[in-house]
Amino acid sequence: MEKLQSLRGMVDLLPEQMPLWQRIEATVRSQFECAALREIRTPLLEVTELFARGIGEATDVVGKEMYTFLDRGERSCTLRPEGTASVVRAALQHGLLGQGAQRLWYTGPMFRYERPQAGRQRQFHQVGIELLGFADPRSDAEAIAIAWDLLRELGVGGLALELNSLGDPADRAAYRTTLVSWLQERRDLLDGDSQERISTNPLRVLDSKNPDTQAVLAEAPLLIDSLSDASRERFEAVRRCLNALDIPYQLNPRLVRGLDYYTHTAFEITSSQLGAQATVCGGGRYDGLIEQLGGAPTAAIGWAIGLERLVLLLAQAQSAGGFTLPTRSPDVYLVSRGEQAERQALVLSRQLRQAGRMVELDLTGAAFGKQLKRADRSGAPWAVVIGEGEAEEGLVVLKDLRRRGDPAEERLGAEELLRRLTLQSP
RNA sequence: GCGGGCGUAGCCAAGUGGUUAAGGCAGCGGCUUGUGGCGCCGCCAUUCGGGGGUUCGAGUCCCCUCGCUCGCCCCA
C-alpha cells in the first residue's frame, strides 16, 4: 500500500481542531499585549552553528535531535529546535539591543528528531517570551507571572511551578568541581549514561531518572548549597517577588534543564494530567547567551510553552465542561437550481458577503431536497431559495430554517432580501 | 536508539483456521424530476497495513517489514 502520508511525528491540524488553537492564540495575543510584549518572527531555518554555539554541543537537543542538512551551497542548515537562539540572533543582527532592553514574544513550529509519544512530536509548536536586557530579580518573577497568568486565563488547572537557581558561571564551575569529584568516588554505583555524563555534562547526572542512581544521588552535594552570597541573595529576591505575587512554587534543587545557556533562575510548570511529558512551560535566565552569540554581555530571561501539550490540557478541561467553544454557522445558505438561478445565487452570495454576512452557497446543482437538507445541517438560520420560476420573476424565497413545522417562507425581491438580511441580525 | 501494545471501509467495529468479510455512523442514489429534522429501500472492503511462510484451506497461526501508539532517554 503506497498511501502518501505525513512524515513520522509531523501532524496535521484539522479544521475541527482549529477553534481550540485559535482560542489559545487569541488569548496569548491579548495577554502579551497587556504585558507590553512585542511579537517577533524569525526563520525556521538557521545556520547550524547558531544552535551548536547557543544551546551547547553537549546537550541532547544539539547532539542527537536536530534536523540538519547541507543546502545547495553546502552550508550546514538546521530547522530550529527552539526559539531563544533565533530571537537573540535576530536582536543582535538588527541592533535591537542598541535601542534598549527588549520585551519580545514569538510563536511557531519547532523541530526535534525524537521518537514521538504523548505530548511529543517532531514538529511541534511553542509560544515563548524573551526579556532581553533585564537583570533585576523582578524580571524573573514577571516572566514567570506572565506564563502563570496566561495558563490560568486559559483555564488550565492542576499546575505546579518548580523553581531552582543554577547560579552564575563561577558558582557552576565551583559546584561542578565538587560534584565531579563526589561522583568520581561513586562512579561504579551509577548507571552507564550517568557515568558518561560525569565528563560531558555532570549537572545533568542529577536529573537521572534511574532509580539506583537517584538513590546514590540522595546524598549528593546540591548546587543551591554552593551558590555565592550574591547569587543566593538574588534567588531570595526572586522568591520574595513570587510570594508577593501569590504564585505558589516548589523548590526543586534537581531541576537542571537540558539547555546549556541557563543561569540563575530555572523553572518549569508541570501538569500531572499530561502523562510522561509533564512539562507545559520551561524557561529560565540566560545571562551568558547573548555574549556567547557575539553580543555585549546582556542579562536576559525567557520561557517557552509547548502548544500541543497545552491543547491536550485544554481539551481535557473542555470535555470536563470547563468551557465551550463557539461553533460558527453560516448566516445564510443559498440554494438554487437552473442556470439563470444559479448565477443569480452566485451574485447574491457576493452581495451578502460584502455586507458582512457569512454565506454558504450550494454549488452541487443537486435536487432542492438535497440542497435543503444540507442547508439544515449547515446550522444556518436562513435559507434563500432561487428556482427557475423565481429567477424569471426576479424574486427569491426566504425560508426560516428554525421554524420547521410550518414552512415559514416569503417571496421577496432581491433588494428587499438584502435589506432584510443585512440590516437586522438574523 | 531501546522496550510494551495495536493495525479489518472516511470513522467506530464484529470476526479466535473452513465455503459469498456482520453491524453502526458518515456518504451517495431512490421512495418524493422544485423544497429541510423522521421513516423505508438500495449502493458503498475482489479484501483485512505490506511481503513471505505453514496449511487442502488464513483476517485468523509463524517470520520479516512498515505504520500508529504508550513508555525509557530527553524536553515544550
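In what follows, chains carry the letters A, B, and so on, assigned in the order in which the sequence lines appear, proteins first and then strands, with residues in each chain numbered from 1.
- Remark: the separation of the C1' atoms in B:C48 and B:A58 is 11 Å, to the nearest Å.
- As rounded to the nearest Å, B:G18 and B:G42 have P atoms that lie 29 Å from one another.
- B:G23 is paired with B:C12 under the criterion used here, namely a Watson-Crick or G-U wobble arrangement in which both key atom distances are under 3.5 Å.
- Mapping A:Glu268 and A:Arg411 onto RNA chain B by nearest heavy atom places A:Arg411 at the nucleotide closer to the 5' end.
- Applying the 3.5 Å distance criterion, the base of B:G1 shares no donor-acceptor pair with the side chain of A:Glu114.
- When the P atom is compared between B:U55 and B:C74, the two are found 49 Å apart, to the nearest whole Å.
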Got a list of protein N/O to nucleotides 69-71 of chain B N/O distances below 3.5 Å?
{"from": "B:C70", "atom 1": "OP2", "to": "A:Ala118", "atom 2": "N", "distance (Å)": "3.0"}
{"from": "B:G71", "atom 1": "OP1", "to": "A:Ala276", "atom 2": "N", "distance (Å)": "3.2"}
{"from": "B:G71", "atom 1": "OP2", "to": "A:Ala118", "atom 2": "N", "distance (Å)": "3.4"}

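- At a threshold of 4.0 Å, the pair A:Arg29-A:Glu33 does not count as salt-bridged, since none of the basic side-chain nitrogens sits closer than that to a carboxylate oxygen.
- In this structure, A:Arg103 forms no cation-pi arrangement with A:Trp105, as its terminal cationic atom is not both closer than 6.0 Å to the ring centre and no more than 45° off the ring axis.
- Taking 4.0 Å as the cut-off between side-chain N and carboxylate O, A:Glu410 and A:Arg420 count as a salt-bridged pair.
- Rounded to a whole Å, the CG atom of A:Leu307 is 13 Å from the P atom of B:A76.
- A:Tyr106 places no side-chain N or O within 3.5 Å of a backbone atom of A:Gln126 that could act as its donor or acceptor partner.
- Atom name P, nucleotides B:G53 and B:U16: the rounded distance is 25 Å, in whole Å.
- Look at the P atom in both B:G67 and B:G29: the space between them is 38 Å, to the nearest Å.
- Using atom P as the reference point in both B:C44 and B:A21, the two lie 12 Å apart (nearest Å).
- B:C2 is paired with B:G71 under the Watson-Crick or G-U wobble criterion, all donor-acceptor distances under 3.5 Å.
- Comparing the C1' positions of B:U47 and B:U69 gives a spacing of 25 Å, expressed to the nearest Å.
- Looking at A:Arg285, its side chain never comes within 3.5 Å of a backbone N or O of A:Ala266 through a donor-acceptor pair.
- If you run side chain to side chain contact (heavy atoms under 4.5 Å, CB included) between A:Gln371 and each of A:Asp362, A:Val385, A:Asp376, only A:Asp362 comes through.
- Side-chain atoms of A:Trp303 come within 3.5 Å of backbone atoms of A:Ala143 as a donor-acceptor pair (strictly under, hydrogens ignored).
- Rounded to an integer number of Å, the gap from NZ of A:Lys64 to C1' of B:C72 is 10 Å.
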What pairs of nitrogen or oxygen atoms, one from the protein and one from nucleotides 27-30 of chain B, lie under 3.5 Å apart?
{"from": "B:G27", "atom 1": "OP1", "to": "A:Arg377", "atom 2": "NH1", "distance (Å)": "2.1"}
{"from": "B:G27", "atom 1": "OP2", "to": "A:Arg377", "atom 2": "NH1", "distance (Å)": "3.1"}

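- What separates CG of A:Leu154 from C1' of B:A76 is a distance of 15 Å, to the nearest Å.
- In this structure, the CG atom of A:Leu372 is 7 Å from the P atom of B:G36, given to the nearest Å.
- With a cut-off of 3.5 Å on both Watson-Crick or G-U wobble distances, the partner of B:G7 is given as B:C66.
- The separation between A:Ile24 atom CD1 and B:A76 atom C1' is 13 Å, rounded to whole Å.
- Across all strands shown, A:Ala375 has no heavy atoms under 4.0 Å from either base or sugar-phosphate atoms.
- Going from atom CD of A:Glu65 over to atom OH of A:Tyr67 covers 11.0 Å, rounded to the nearest 0.5 Å.
- What separates CG of A:Leu395 from C1' of B:G34 is a distance of 16 Å, to the nearest Å.
- The C1' atoms of B:G24 and B:G15 are separated by 16 Å, rounded to the nearest whole Å.
- Among the atoms of the strands shown, base atoms are found under 4.0 Å from some heavy atom of A:Glu388.
- Between A:Asp168 and A:Arg234, no side-chain nitrogen of the basic residue sits less than 4.0 Å from a carboxylate oxygen of the acidic one, so the salt-bridge criterion is not met.
- A:Arg172 meets the salt bridge (charged side-chain N to carboxylate O under 4.0 Å, His left out) test with no other residue; sequence neighbours excluded.
- With hydrogens and angles ignored, the 3.5 Å screen pairs no side-chain donor or acceptor of A:Arg377 with any backbone N or O of A:Lys373.
- A salt bridge does not link A:Arg138 with A:Glu142: every distance from a Lys NZ or Arg NE/NH1/NH2 to an Asp or Glu carboxylate oxygen is 4.0 Å or more.
- Looking at which nucleotide of RNA chain B each of A:Tyr113 and A:Ala380 is closest to, the 5′-most match is held by A:Tyr113.
- Using a 4.0 Å heavy-atom cutoff across all strands shown, A:Gly282 reaches sugar-phosphate atoms only and no base atom.
- In this structure, B:G34 makes no Watson-Crick or G-U wobble pair, since no nucleotide meets both defining distances under 3.5 angstrom.
- Among the protein residues, A:Glu390 comes within range of the nucleic acid bases, having at least one heavy atom under 4.0 Å from a base atom.
- Among the atoms of the strands shown, base atoms are found under 4.0 Å from some heavy atom of A:Gly389.
- Base pairing analysis places B:G18 opposite B:C56; the two distances defining the Watson-Crick or G-U wobble pair are each below 3.5 Å.
- The separation between A:Arg112 atom CZ and B:A76 atom C1' is 6 Å, rounded to whole Å.
- Spacing between atom CG of A:Leu151 and atom P of B:A76 amounts to 14 Å, rounded to whole angstrom units.
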